[in-house]
There are 2 protein chains.
Amino acid sequence: MATSERKKREYAQRETLIIDTARDLLLKIGYIDLNMERIAELTEYSKGTIYQHFSCKEEILVEMLIQSAQKCGTFLIRGSQFKGTPRERVAAMILGYDLFVRLNPDHFKSKLLLQNESIRGKASPVFQKNLEKAEQENIGLVYGVLREAVESGHVQLQRGVTIEEITFGLWTGTFGAYVLMFSEVNLKALGISDPRKAVWANIHALLDGFGWHPFFQELNWEQTRNRILNEIFSQESHLAGIV
Amino acid sequence: MATSERKKREYAQRETLIIDTARDLLLKIGYIDLNMERIAELTEYSKGTIYQHFSCKEEILVEMLIQSAQKCGTFLIRGSQFKGTPRERVAAMILGYDLFVRLNPDHFKSKLLLQNESIRGKASPVFQKNLEKAEQENIGLVYGVLREAVESGHVQLQRGVTIEEITFGLWTGTFGAYVLMFSEVNLKALGISDPRKAVWANIHALLDGFGWHPFFQELNWEQTRNRILNEIFSQESHLAGIV
DNA sequence: CATCATAAATGACGTTTAGTCAAATTTTGA
DNA sequence: TCAAAATTTGACTAAACGTCATTTATGATG
């Protein structure tokens with residue numbers, strides 16, 4: 001069945017086209033004004049065809065986020081492979097995440113929207129499950145490095161704290177910061193001129209606070225940061241313009 | 001002008017009625033299905049009258065959030081007045097915030113939505129400015145206690161870290177956690193059975209990491225926590241069922 | 001090449017909600 | 001009591017949603 005293979009390919013291509021179009025449109029006109037009619041126009045397909053792929057705009061957003069979460073995963077994996085201590089590898093993952101977010105501004109736009117159950121709930125359950133799975137896999141990558149850190153004795157878990165909870169701290173500290181950065185909260189007016197610098201300081205204070213060796217003071221982090229960017233994310237850091 | 005005073009009062013009362021109705025409806029049916037027609041029905045006014053107060057449902061949400069942000073401020077203030085070290089006072093503010101969020105579940109629902117610029121942007125600029133102001137005032141309350149902590153020598157700011165950045169860390173660590181808790185991310189599946197416990201551990205690790213005395217180990221926090229709840233939030237902690 | 005069955009794409013249509021505004025109603029104060 | 005002012009109403013237009021009968025394209029077969 002050579003033809004049916006081609007059909008499948010064409011279907012997948014069209015899906016990509018729809019998502020890419022929706023992504024552009026989302027960044028350009030925002031969620032409220034985003035509509036299926038316009039997506040149909042721009043893709044040069046009819047509304048009916050668009051609805052054959054996605055049941056509503058929210059479902060397109062979910063699929064968009066699934067794809068970007070998977071892409072995000074590749075950045076996390078690359079970060080985790082940095083040659084260094086577990087703490088440096090976690091730092092590399094966080095830097096990778098930052099680069100990913102910089103290069104994929106649509107990620108947080110759709111993420112923020114779908115954080116709302118009413119909006120996410122419009123997508124069909126299959127899509128929602130897939131999204132949950134994609135995001136859990138990414139968290140799993142962080143767990144992996146933390147587990148190694150505990151096993152190698154770089155961190156001693158104290159007072160019943162679990163690696164899941166430490167990950168939660170890293171997660172909320174970075175994710176929360178991006179939510180704020182991406183929502184036009186006036187951080188400048190609040191004295192936060194460089195939120196990324198603040199995140200970096202906070203993440204390291206957190207890890208220091210959990211007694212994770214080597215402590216912030218014990219390492220030249222400026223150097224480590226440059227090594228991470230050069231060795232792992234050379235191309236991306238140039239693309240993002242952080243040299 | 002006794003009459004015009006009464007009119008004003010009546011107008012304000014109706015505004016309250018509209019907001020309360022919208023709040024109930026939001027919690028019941030969610031953002032997507034929330035609509036002006038239904039709000040009009042439930043308040044027993046006509047659509048036109050509702051539109052005299054608010055230009056769209058998003059504007060109602062903004063006003064809802066302004067009000068809850070102000071109420072939140074009273075919890076923060078009370079927390080900051082706890083008789084203890086600055087660090088204990090910060091902890092009291094965070095506990096106060098937690099109680100506030102528990103008792104006002106609509107707060108985060110609307111907050112999350114309005115984090116999206118496209119949604120928030122539907123409200124008129126005056127409403128948006130007021131919201132920004134209300135939220136900045138709350139952050140200002142945290143700054144106040146941190147400033148005292150620095151002045152009293154409980155924290156030494158190191159390596160160019162500012163109190164704004166530390167506040168940002170507290171903010172993202174708690175706010176980020178509530179965003180996740182309120183968005184049906186399956187935290188249980190990720191091994192986070194008690195996100196509030198995790199937040200507490202992370203906040204203290206963060207403050208320890210910044211060298212904020214007294215360190216977590218040096219205090220009986222279980223006792224402090226109970227004192228805060230008893231002395232400052234007795235009524236609220238019972239209402240929230242955390243005894 | 002012609003035919004026909006199947007698959008895919010279309011856009012008109014019914015429905016819902018938004019937001020407006022002229023008309024109806026109520027209130028005010030002389 | 002009554003006219004002017006203020007308020008309320010809901011009918012109406014417009015926009016987007018989501019459906020589905022109809023049209024168009026495809027490709028297998030003789």
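What you see is a predicted model, and the numbers here were worked out from it, not measured in a lab. Proteins come first, then strands; the chains are lettered A, B, ... in the order of their sequence lines, and each starts at number 1.
In this structure, CD of B:Glu44 is placed 15 Å from C1' of D:dT9, rounded to the nearest angstrom. Rounded to whole angstrom, the span from the CD1 atom of A:Ile39 across to the P atom of D:dA16 amounts to 12 Å. The separation between B:Phe54 atom CZ and C:dA18 atom P is 15 Å, rounded to whole Å. Between B:Asn35 atom CG and D:dA15 atom C1' there is a gap of 16 Å when expressed in whole angstrom units.
Applying the ring pair (Phe, Tyr, Trp, His ring centres under 6.0 Å) test to every pair with at least one member in residues 10-32 of chain B, sequence neighbours left out, gives these pairs: B:Tyr11-B:His53. Sorted by first then second residue, the salt bridge (Lys or Arg N to Asp or Glu O under 4.0 Å) pairs that include residues 132-145 of chain A, not counting sequence neighbours, are A:Lys111-A:Glu135. Each salt bridge (Lys or Arg N to Asp or Glu O under 4.0 Å) pair with one or both residues in residues 25-37 of chain B, not counting sequence neighbours, appears once here: B:Glu37-B:Lys47. The side chain to side chain donor-acceptor pair (under 3.5 Å) pairs that include a residue from residues 189-201 of chain B are A:Glu165-B:Lys197, B:Asp98-B:Arg196, where partners are two or more places apart or lie in different chains. Residue pairs meeting the salt bridge (Lys or Arg N to Asp or Glu O under 4.0 Å) criterion with at least one member in residues 13-22 of chain A, sequence neighbours excluded: A:Asp20-A:Arg23.
Every residue meeting the side-chain contact (heavy atoms from CB on, under 4.5 Å) condition with B:Glu59, not counting sequence neighbours, appears here in chain and number order: B:Phe54, B:Ser55, B:Cys56, B:Ala123, B:Ser124, B:Phe127. Contacts of B:Leu112 classified as side-chain contact (heavy atoms from CB on, under 4.5 Å), with partners at least two apart in sequence or in another chain: A:Gln115, B:Val179, B:Ser183. For B:Asn130, the side-chain contact (heavy atoms from CB on, under 4.5 Å) test picks out B:Ile66, B:Val126, with sequence neighbours left out. For A:Ala205, the side-chain contact (heavy atoms from CB on, under 4.5 Å) test picks out B:Leu206, B:Phe210, with sequence neighbours left out.
Near DNA chain C, defined here as any heavy-atom distance below 4.0 Å, there are no residues from residues 15-34 of chain B.
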Between the protein and nucleotides 19-23 of chain C, which nitrogen or oxygen pairs are less than 3.5 angstrom apart?
| residue | atom | partner | partner atom | Å |
| --- | --- | --- | --- | --- |
| C:dG19 | OP1 | B:Lys122 | NZ | 2.7 |
| C:dG19 | OP2 | B:Tyr51 | OH | 3.3 |
| C:dG19 | N7 | B:Lys47 | NZ | 2.9 |
| C:dG19 | O6 | B:Lys47 | NZ | 2.4 |

Output a table of nitrogen or oxygen pairs between the protein and nucleotides 5-8 of chain D separated by less than 3.5 Å.
| residue | atom | partner | partner atom | Å |
| --- | --- | --- | --- | --- |
| D:dT8 | OP1 | B:Arg14 | NH1 | 2.6 |
| D:dT8 | OP2 | B:Arg14 | NH1 | 3.4 |
| D:dT8 | OP2 | B:Arg14 | NH2 | 3.2 |

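The pair B:Glu41-B:Arg38 meets the salt-bridge criterion, with a side-chain N (NZ, NE, NH1 or NH2) lying under 4.0 Å from an Asp/Glu carboxylate O.
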